[in-house]
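Taking it in order: structure first as structure tokens, then the write-up.
Order of appearance sets the numbers: ligands from 1, and atoms from 1 within every ligand.
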Amino acid sequence: MNILLIGSGAREHAIAWKLRQSPRLDELIVAPGNAGTAAIAENLPIAANDLDAVVSAARDLRADLVIIGPEEPLALGLVDRLTAESFAVFGPTQSAAAIESSKAFSHDLVERHGIPHPTGRVFDSMNEAKEYALASASPPVIKADGLAAGKGAIVPDSAVEAMRAIDAMMAQGAFGDAGKRVVIQERLAGLEVSAHAFTDGVTVRHMPFACDYKRALDGNLGPNTGGMGVYSPPPWLDDAIATTIRTEVTEAAVKAMAADGRPYRGVLYPGLMVNENGPKVIEFNSRFGDPETQAILPRLKSDLLDIVLAVAQNQLHEVEPEWSDDACIGVVLASGGYPGEYSTGFPIRGLDTVDPGVMVFHAGTRLADDGRTVLTAGGRVLTVAATAPTLAEARRKVYDNVARISFDGMHYRRDIAGGFE
Ligand code: AMP
Ligand code: GLY
């Protein structure tokens with residue numbers, strides 16, 4: 001089979017790495033890819049958001065399946081365009097991707113279908129938004145309705161900060177059109193967990209749970225990032241909570257989308273907050289998480305190609321994915337300054353010194369003109385991931401290998417999956 005995979009992060013490298021293990025795979029093209037995907041597939045230098053270019057690439061390659069990694073092309077309707085030309089596609093349609101691309105839509109969905117969520121409201125009027133926020137018992141979370149590259153949720157510590165966030169979004173256009181409408185939500189305390197599931201709109205196959213680290217610095221300090229590390233499974237999540245999440249959130253959302261006339265196909269990834277009142281969904285994502293994928297796919301024992309194809313063909317009931325009991329930890333190595341300004345173009349040393357079985361998933365990397373040297377080319381540069389029978393062992397293994405890799409300015413968190421020993 002010939003597969004076209006859209007995206008360029010460590011998530012897509014992990015997907016490509018797993019697909020490579022399939023005996024059914026012939027050609028794998030990653031658009032645009034990175035230096036990691038170039039080593040196991042062919043890169044095609046087109047932008048993920050250039051729908052015309054992607055559709056024409058699918059035609060040229062006679063792709064048997066197109067897999068879409070990031071949320072933007074989903075929100076732009078790439079799946080609809082490809083489906084109209086009879087390609088098999090892994091990912092939700094534009095109308096189903098609204099579960100992530102419009103927080104107003106997803107808020108309305110969970111309210112109407114009784115899916116556990118924080119209290120909140122949608123606002124188009126800035127004055128009403130401010131009144132509501134001021135009347136809240138404690139400062140609420142302010143969220144831009146549309147996609148904002150993971151930066152659209154502000155968690156203020158005071159009423160003044162909350163007013164500033166509403167001003168920034170609704171008056172100053174901090175997120176463009178994405179912030180003209182906001183969702184204001186009760187702020188929940190607790191532990192966060194990412195639930196992922198494959199679904200063809202009817203059958204749901206859950207993946208193991210994972211937890212990511214959004215802050216840049218150890219101890220959850222510093223600014224928010226795209227994600228600095230991940231572990232799976234979370235030892236603190238008991239079976240009862242796991243079952244509640246799977247049935248009352250993930251499966252309920254798949255049913256709700258079907259009932260709403262927006263059948264959902266692809267990966268559904270609810271992000272949840274868990275506390276003594278049980279789990280509540282704080283966001284839905286319409287795709288694999290990054291860095292969650294880098295700790296989930298190494299635990300998949302089955303053929304990923306069989307699963308994604310079954311999803312694309314509405315045959316997921318025929319596939320029962322098997323997962324390893326091993327733990328997996330991913331540590332993100334980032335450029336100096338990230339998530340603020342940073343420089344790129346530095347050679348990455350030590351990539352050939354990692355232990356066999358330890359995975360180095362590339363994100364912001366590219367090959368130098370010599371065709372061999374790997375250079376930094378983005379904020380998040382690599383995810384190093386290791387599996388082991390326990391989290392403690394996986395932790396020793398991953399950090400032992402991280403220490404062998406270096407580039408100018410490199411920084412990473414030293415506390416990923418710490419505190420469970
Ligand atoms: P989101 O873009 O909705 O994923 O939000 C980004 C981050 O903001 C989440 O990962 C949480 O850490 C935090 N957050 C979002 N909603 C809430 C909430 N209702 N209560 C507390 N923290 C939240
Ligand atoms: N791990 C956060 C995300 O992928 O949205």
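Met228 contributes atom CE, which lies 5.5 Å from atom OG1 of Thr225 (distance to the nearest 0.5 angstrom).
With hydrogens left out, the protein atom closest to atom 12 (O) of ligand 1 is Glu192 OE2, 2.5 Å, a heavy atom. Of the protein's non-hydrogen atoms, the one nearest atom 1 (P) of ligand 1 is Glu283 OE1, 3.4 Å. In terms of protein heavy atoms, atom 20 (N) of ligand 1 is closest to Leu188 N, 2.9 Å. Protein heavy atom in closest approach to atom 2 (C) of ligand 2: Tyr269 OH, 3.2 Å. Among all protein heavy atoms, the one lying closest to atom 16 (N) of ligand 1 is Lys143 NZ, 2.9 Å. Atom 6 (C) of ligand 1 has as its closest protein heavy atom Ala153 CB, 3.7 Å. The closest protein non-hydrogen atom to atom 14 (N) of ligand 1 is Ile282 CD1, 3.9 Å. Looking only at heavy atoms of the protein, atom 13 (C) of ligand 1 is closest to Val155 CG2, 3.8 Å.
The shortest N or O to N or O distance between Arg11 and ligand 2 is not under 3.5 Å. For the pair Asn285 and ligand 2, the shortest N or O to N or O distance does not fall below 3.5 Å. Of the N or O atoms in Lys214, none lie within a sub-3.5 Å distance of an N or O in ligand 2. Looking at ligand 1, you won't find any N or O of Arg187 less than 3.5 Å from one of its N or O atoms.
Counting atoms of ligand 1 from 1 in the listed order, those under 4.0 Å from a heavy atom of Glu186 are 18 (C), 19 (N), 20 (N). Remark: ligand 1 atoms within the under-4.0 Å shell around heavy atoms of Lys214 are 10 (O). Near Asp212, meaning under 4.0 Å from one of its heavy atoms, ligand 2 places the atoms 1 (N), 2 (C). When each atom of ligand 2 is checked for a heavy atom of Gly289 under 4.0 Å away, the hits are 4 (O). In summary, the atoms of ligand 1 found under 4.0 Å from a heavy atom of Val141, numbered by their order in the structure, are 16 (N), 17 (C), 18 (C), 19 (N), 20 (N).
Here the closest non-hydrogen pair linking Arg262 and Ala96 is O-CB, 3.9 Å. In this structure, Asn224 and Pro339 approach most closely via the heavy-atom pair O-CG, 3.5 Å. Nearest heavy atom pair, residue Glu320 against residue Ser302, reads O-OG, 4.2 Å. Nearest heavy-atom pair, Pro32 versus Pro45, reported as atom, atom and distance to 0.1 Å: CB-CA, 4.4 Å. The shortest heavy-atom contact between Leu4 and Ala63 is CB-CB, 4.2 Å.
Here Met273 has side-chain heavy atoms under 4.0 Å from ligand 1, and that is the only part of it that gets that close.
Enclosure of atom CG in Asp238 by more than 12 non-hydrogen atoms of other residues, nucleotides or ligands within 6.0 angstrom is indicated.
Counting heavy atoms from C-beta on, the side chains of Thr83 and Thr93 never come closer than 4.5 Å. The shortest distance between side-chain heavy atoms of Ser101 and Leu74 does not fall below 4.5 Å.
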Going through the checks in order, is the ring-ring contact (aromatic ring centres under 6.0 Å, His included) test met by Tyr132 and Phe123?
-> CA-CA 9 Å; Tyr132 180 86; Phe123 292 95; 5.1 Å; yes

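Contact between Arg287 and ligand 2 is present, with at least one heavy atom of the residue lying under 4.0 Å from the ligand. Within the structure, the closest approach of Phe288 to ligand 2 does not fall below 4.0 Å when heavy atoms are considered.
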Less than 3.5 Å apart, which donor and acceptor atoms pair up between the side chains of residues 192-209 and the rest of the protein, not counting sequence neighbours?
from	atom 1	to	atom 2	distance (Å)
Ser194	OG	Glu292	OE2	2.6
His196	NE2	Gly289	N	2.9
Thr199	OG1	Gly201	N	2.9
Thr199	OG1	Thr203	O	2.8
Asp200	OD1	Val202	N	3.0
Asp200	OD1	Thr203	N	2.8
Asp200	OD2	Leu316	N	2.9
Arg205	NE	Val319	O	2.6
Arg205	NH2	His317	O	3.3
Arg205	NH2	Val319	O	3.3
His206	NE2	Glu251	OE2	2.7

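The backbone N or O of His362 lies less than 3.5 Å from no partner atom in the side chain of Thr365, so there is not a single donor-acceptor pair.
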